[in-house]
Amino acid sequence: MTEERHIFSVLVENRFGVLARIAGLFSGRGFNIDSLNVAETDDPAVSHMTIVTHGDTQIIEQIYKHLNKLIDVIKVTDLTVENHVEREIILIKVYAEPQRRGEILQIMEIFRAHTIDVSPDSLIIEVTGDEGKLKAVVDLLRPYGIQELVRTGKIAIMRGAAKQ
Amino acid sequence: MELSGANILIESLKQEGVEYIFGVNGGAAMPIFDALYEHPDVKLIMMRHEQGASHAADGYARATGKVGVTLATSGPGATNLVTGIATAYMDSIPMVAITGQVFTHLMGNDAFQECDVIGVTRPVCKHSYLIKSGDEVAEVIAEAFHIASTGRPGPVVVDFAKDAQIHESLFRYPEKINIRSYKPKVDGHPRQIAKAVELIHNAERPMIYAGGGVPLANASEELRELAIKTGIPTTVTLMGLGAFPETHPLAMEMPGMHGSCCANYAFTDSDLVIAVGARFDDRVTGDLAKFAPNAKKIHIDIDASCIGKNVPIDVPIVGDAKRVLAEMNKLVHRVDIEPWMRQIDEWKEQYPFEYQQNGDNIMPQYVIEQIYDLYSDAIVVGDVGQHQMWAAQYFKFTEPRQWLNSGGLGTMGFSLPAAIGAQLGCPDKTVVNINGDGSYIMTIQELVPAITMKLPLKIFIINNMYLGMVRQWQELFHQKRYAAVDYHDNPDFALLAEAFGATGIRVERIEDVRPALEKAKGITDGPVVIDFIVDEEENVFPMVPAGAGLGDVIRGLA
């Protein structure tokens, strides 16, 4: 069976140990986590997790069911099958000697990236977008020399009215 | 009135109808034991090892259907419980395991007897709680019992910091539990049930495959009605034995690795498998590629994640077995499957469980036959190994909760403490413990509380001086290299029983088997241990080797 990437949006009780339960579910059953983002929602009693994972249809179904089975999990949505938007932020520290800085700034302008710190020979760039855009930026900056790269992991949300 | 956290715990347990707590005392749980001291309603059963305590609570739960409660101190007390918690988890047994924890200000400091119990038990329990303040106790206990006993049952761990045990607060027990993230689905979808019924009515070679979920859901009556009303042959797994009477003409007995040829051949030829509260375990299915290749599959289970986990399912029905079967029973009628039934009966007749007498040796199967003959109404608590399979094969179980054993985790040492729990839960029943020499000695210390309480347990050891099941695999698959299985240095279990203070009988000749079993019947003021010295190298057959298909069953050695 072919493997597919899926994005799960998971609402959980904002409680001690919930993240460990979710992580344990994945590691204990040999499921993969490609990225994981956790933060409080508008309601401080509830946290939201965006989990990006991959597997064949049967594995994805098992992940969905096992997430639902955890007592602290309030709601699981497989956003991949829903109309949704996704974003990720990356921070890139790139070599930028004064003579090449202009080229880098041009690339950044095209991608609407921001400079958030400057040192004599490097820049820290912040860029937000979906997977394709982020990959394009990283590919273009790589020849200049990427010193460090940090990403938030994806966050995603369904389009339109909230569906409960 | 303000009560200490420990007293709130006991009052909460009283609210839940708890009669017994199985435990071992220790520093971080002392306030709880103190609150239990001479308590009129909630009785502490003092076990000799925390593993024994957890299995006793488990055995109580399996025999009665109520939630078993076990209690231990922090650190090593808690880690000793882990095997028992994992055992209960694998077999979906409702249990609440309470552990003392060091003072909250010491937590995380590597304090004396500190262990992250929540972390250690996370993968082997249904849910867990850490109580850090006395005012959380009542709500946590109410939720723990609710979670342990509803949906797919399972153990819930409650780790209880010592300062919270001492801290006083107002006791108010919640009247209703509402956990927004936990609402088990109990009613099957009517459309799915209708689809299942249509498949049943159109099948030519249908079979029912029932598992441990049936006795757990108290659905044996509904299962019997389904089988008898439709006339569909039924196999019941090791975990469900007794859910359908093995003496009934429709019974095909246990399936799987050491199951009946009839049940295994039926899977291979069937065109419709109706699974109820069973999880398509590898010991049942053998090679998945060859498992029921021609059958459509209906799967009724309370746990959605169990459905489609190992085998693709055509008609999944998530719900409580009792409710779903009751709905199905309203819609089904008798099916005309005469040629299939002729085939089933032929298999049954051709391939019954059978063994060869070897010289003058006591054959283990003979001992089980005699136990069945004399104790057919007893609750039988089996351990893990060859004796477990022989007991499952040769004892004909007719009632749910009559056969208790650790089928999922396969925990050796389970049965003696579990028998204690079962006997306390069912004081009017005879409780027979069929044990192996290897498994008996793993929790032999629990003979002490059984003697102290004068429990009339019948402890029958099928002693072949080997870790027999492993030896069998070595004989068949490791060129008879008997590595680390020789138990000829076993002590004399009869003498040892006498030293503990129980009645001990050693049986070495065939003609002494029955008289010893008869004598055991008359001993009612405490446990009796019979050490049956049986044929040393008898094997369990039939056998589907690990990884083979169910059709490739070995019926015996030529």
Side-chain angles (χ1 to χ4, degrees), chain A residues 1-2 4 6 8-31 33 36 38 40-49 51 53 55-78 81 162 164, chain B residues 86 89 92 104 107-108 116-133 136 139-140 143-144 146-148 150-157 159 161 177-185 279-280 288 299 301-313 316 318:
Chain A
M1 270 191 275
T2 52
E4 272 182 16
H6 280 246
F8 286 104
S9 159
V10 187
L11 287 177
V12 300
E13 296 287 353
N14 187 4
R15 258 186 217 146
F16 150 90
V18 176
L19 178 59
R21 287 182 209 280
I22 303 256
L25 184 166
F26 277 81
S27 62
R29 296 193 178 262
F31 304 147
I33 296 181
L36 170 65
V38 194
E40 217 171 85
T41 62
D42 197 26
D43 173 359
V46 178
S47 289
H48 182 272
M49 296 191 182
I51 304 173
T53 181
D56 61 33
T57 321
Q58 196 253 348
I59 297 277
I60 295 297
E61 187 185 312
Q62 280 290 304
I63 292 173
Y64 176 79
K65 286 173 169 177
H66 279 283
L67 283 170
N68 259 314
K69 193 172 154 180
L70 288 176
I71 309 287
D72 284 333
V73 169
I74 301 165
K75 189 176 165 63
V76 185
T77 314
D78 183 353
V81 298
Q164 278 305 315
Chain B
Y89 185 60
S92 311
T104 49
M107 284 176 70
D116 173 12
V117 178
I118 299 291
V120 168
T121 56
R122 192 178 297 116
V124 295
C125 68
K126 185 171 172 185
H127 198 54
S128 49
Y129 292 92
L130 171 63
I131 300 179
K132 289 165 100 173
S133 156
E136 302 166 30
E139 199 179 332
V140 165
E143 285 193 11
H146 176 68
I147 290 170
T150 54
R152 179 176 179 178
V156 176
V157 173
D159 196 27
I177 300 296
N178 182 19
I179 307 171
R180 63 175 161 181
S181 55
Y182 176 71
K183 309 264 185 236
K185 189 174 174 304
R279 56 188 176 86
F280 295 87
L288 284 172
H299 191 178
D301 208 292
I302 187 93
D303 179 359
S305 73
C306 247
I307 299 180
K309 183 179 63 181
N310 301 336
V311 172
I313 298 299
V318 179

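Letters go in sequence order (proteins before strands), and every chain restarts at 1. Values below: all heavy atoms of this structure, side chains included; hydrogens, waters and symmetry mates excluded.
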Test side-chain contact (heavy atoms from CB on, under 4.5 Å) on B:His127 and A:Asp72; report intermediate values, then the result.
CA-CA 9 Å; B:His127 198 54; A:Asp72 284 333; 3.6 Å; yes
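- Of the listed residues (A:Arg15, A:Gln62, A:Arg21), the greatest number of heavy-atom pairs within a distance under 4.5 Å of chain B belongs to A:Arg21.
- Within the model, atoms CZ of B:Arg122 and CG of A:Leu25 stand 11.5 Å from one another, a figure rounded to the nearest 0.5 Å.
- Here the shortest heavy-atom pairing between B:Lys309 and A:Gln58 reads O-NE2, 2.6 Å.
- Of the listed residues (B:Gly308, B:Pro123, B:Gly119), the greatest number of heavy-atom pairs within a distance under 4.5 Å of chain A belongs to B:Gly308.
- Looking at A:Tyr64, neither its backbone nor its side chain comes within 4.5 Å of chain B, counting heavy atoms on both sides.
- Contact between A:Val46 and B:Arg180 at its shortest, heavy atoms only, is CG2-NH2, 3.5 Å.
- Distance alone, capped at 3.5 Å, is enough to place a donor-acceptor pair between the B:Ser181 side chain and the A:Ile71 backbone.
- Heavy atoms of B:Lys126 lying under 4.5 Å from chain A belong to its backbone as well as its side chain.
- For A:Lys65, the NZ atom counts as densely surrounded, since its 6.0 Å shell holds more than 12 non-hydrogen atoms of other residues, nucleotides or ligands.
- Annotation for B:Glu139: atom CD does not count as buried by contact number, only 12 or fewer foreign heavy atoms lying within 6.0 Å.
- The minimum heavy-atom distance linking A:Lys69 with B:Asp303 is given by the pair NZ-OD2, 2.7 Å.
- Note that CD1 of B:Ile307 and CD of A:Glu61 are 9.5 Å apart. Values are rounded to the nearest 0.5 Å.
- Nearest heavy atom pair, residue B:Ser305 against residue A:His66, reads OG-CE1, 3.5 Å.
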